[in-house]
Amino acid sequence: RSTLFPYTTLFRSIFELPVAYDALFNSAAHSYFLTRSWFEILETTTQTEEDRFFFLAVEADAEPLAVMALRSPAGQLGSSLQGKNTGAGSIASLTNWYSCLYDLLLSPHVVDQDAVVKLLVTKLSECLGRGAVIEFNYLDQNSGTVDILIRALRSTGLITKSYHHTVTRYENLGNTDFDSYLKQRPTSIRKEAARHERRLAEKYQLEQ
């Protein structure tokens, strides 16, 4: 293969991704739930014997252009397909109960994003079992990459269906620091937080 043109490669573990991918995560991860650290946590703490985690990537001239974190089978905890028959060889985004956002990672240096995502999806369809499904959880409908992903999926002959999965609730704290925020909470919450902090301190070495 010529490194002058983009090509896809597959990694069986987040820990197989070369150091060069750190730059891609640093430039493209717009949420903690898209960082290398988060996917390392998922792999080391949630993977079971039935799960297969893998990472599809696009490179050109040894430079990572895109990466998609995936798992098989679909129907994991936190999925709308949990407990359902998704077909042999089904695939899902690498997410779980605690994920708040999922997206594929695209380098800011990519000019033709559609072409790069099409490469990812073409490789992804080769990994998909016959009659199985692909489910992407926790996608941001306002993300431009979602539209690119849907176009790529349809261009390879796959049928796509969008749906509302969950809403992540949050509170805008402005410039309030954590200590000030906690002081404003009810006594019951402050006591509960203190109890969990003591349990953490007993079990782990916490940095102050």
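In what follows, every heavy atom counts, from backbone to side chain, and hydrogens, waters and symmetry copies are set aside. Being a predicted model, the structure only gives us computed values, none of them experimental.
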Side chains of [X] and [Y]: closer than 4.5 Å at any heavy-atom pair?
{"X": "L56", "Y": "L70", "result": "yes"}
{"X": "I14", "Y": "F53", "result": "no"}
{"X": "S99", "Y": "N137", "result": "no"}

Does any N or O in the side chain of [X] come within less than 3.5 Å of the main-chain N or O of [Y], such that one atom is a donor and the other an acceptor?
{"X": "E16", "Y": "L10", "answer": "no"}
{"X": "R185", "Y": "Y181", "answer": "yes"}
{"X": "D51", "Y": "Q47", "answer": "no"}
{"X": "H30", "Y": "A28", "answer": "yes"}

Handout entry: Residues that F33 engages under ring-ring contact (aromatic ring centres under 6.0 Å, His included), provided they are two or more places apart
Key =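 Once residues adjacent in sequence are excluded, the partners of F33 under the ring-ring contact (aromatic ring centres under 6.0 Å, His included) criterion are W38.
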
Handout entry: Under the ring-ring contact (aromatic ring centres under 6.0 Å, His included) test, residues paired with F11 that sit two or more places apart
Key =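 Partners of F11 under the ring-ring contact (aromatic ring centres under 6.0 Å, His included) test: Y21.
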
Problem - From R71 atom CZ to E43 atom CD, the distance as rounded to the nearest 0.5 Å - result: 10.5 Å

Exercise for the section: Evaluate the side-chain contact (heavy atoms from CB on, under 4.5 Å) criterion for residues F54 and S72: first the C-alpha distance (whole Å), next the side-chain angles of each, then the deciding distance (0.1 Å), finally the verdict. Expected result: CA-CA 8 Å; F54 61 104; S72 181; 4.2 Å; yes

Practice task
Step through the shown structure and confirm whether more than 12 heavy atoms of other residues, nucleotides or ligands are within 6.0 Å of CZ on R195.
Solution key: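 Atom CZ in R195 is packed in, count exceeds 12.
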
If I compare all heavy atoms of [X] with all of [Y], which pair ends up nearest, and what's the gap?
{"X": "S13", "Y": "L17", "value": "O-CD1, 3.6 Å"}
{"X": "T8", "Y": "L120", "value": "CG2-N, 4.3 Å"}
{"X": "G89", "Y": "L128", "value": "O-CD1, 3.6 Å"}

Under a 3.5 Å threshold, yes or no: a donor from one side chain and an acceptor from the other, between [X] and [Y]?
{"X": "T145", "Y": "Q113", "result": "no"}
{"X": "N96", "Y": "T46", "result": "no"}
{"X": "T9", "Y": "E59", "result": "no"}

Exercise for the section: Could you state whether W97 and I41 fall into the same hydrophobic cluster, counting links through intermediate Ile, Leu, Val, Met, Phe, Trp or Tyr residues with side-chain heavy atoms under 4.5 angstrom apart? Expected result: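 Per the 4.5 Å side-chain linkage, W97 and I41 are co-clustered.
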
Exercise for the section: Would you kindly confirm whether I150 and I134 end up in one hydrophobic cluster when ILVMFWY residues are joined by side chain heavy atoms under 4.5 Å apart? Expected result: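 Yes, I150 and I134 fall within the same hydrophobic cluster.
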
Exercise for the section: Please work out whether the ring planes of H165 and Y163 are parallel, tilted or perpendicular, with thresholds of 30° and 60°. Expected result: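 Because their plane-to-plane angle is over 60°, the rings of H165 and Y163 count as perpendicular.
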
Practice task
Please work out whether the ring planes of F136 and Y102 are parallel, tilted or perpendicular, with thresholds of 30° and 60°.
Solution key: parallel

Practice task
Begin from the C-alpha positions of V146 and Q141 and carry the test side-chain contact (heavy atoms from CB on, under 4.5 Å) through to its verdict.
Solution key: CA-CA 7 Å; V146 172; Q141 62 181 351; 6.0 Å; no

Handout entry: Pairwise side-chain hydrogen bond (donor to acceptor under 3.5 Å, both in side chains) hits with a residue in residues 149-159, at least two apart
Key = D114-R151, R154-T160

Exercise for the section: Using a strict cut-off of less than 4.0 Å between a Lys/Arg side-chain nitrogen and an Asp/Glu carboxylate oxygen, indicate whether R199 and E202 qualify as a salt bridge. Expected result: no

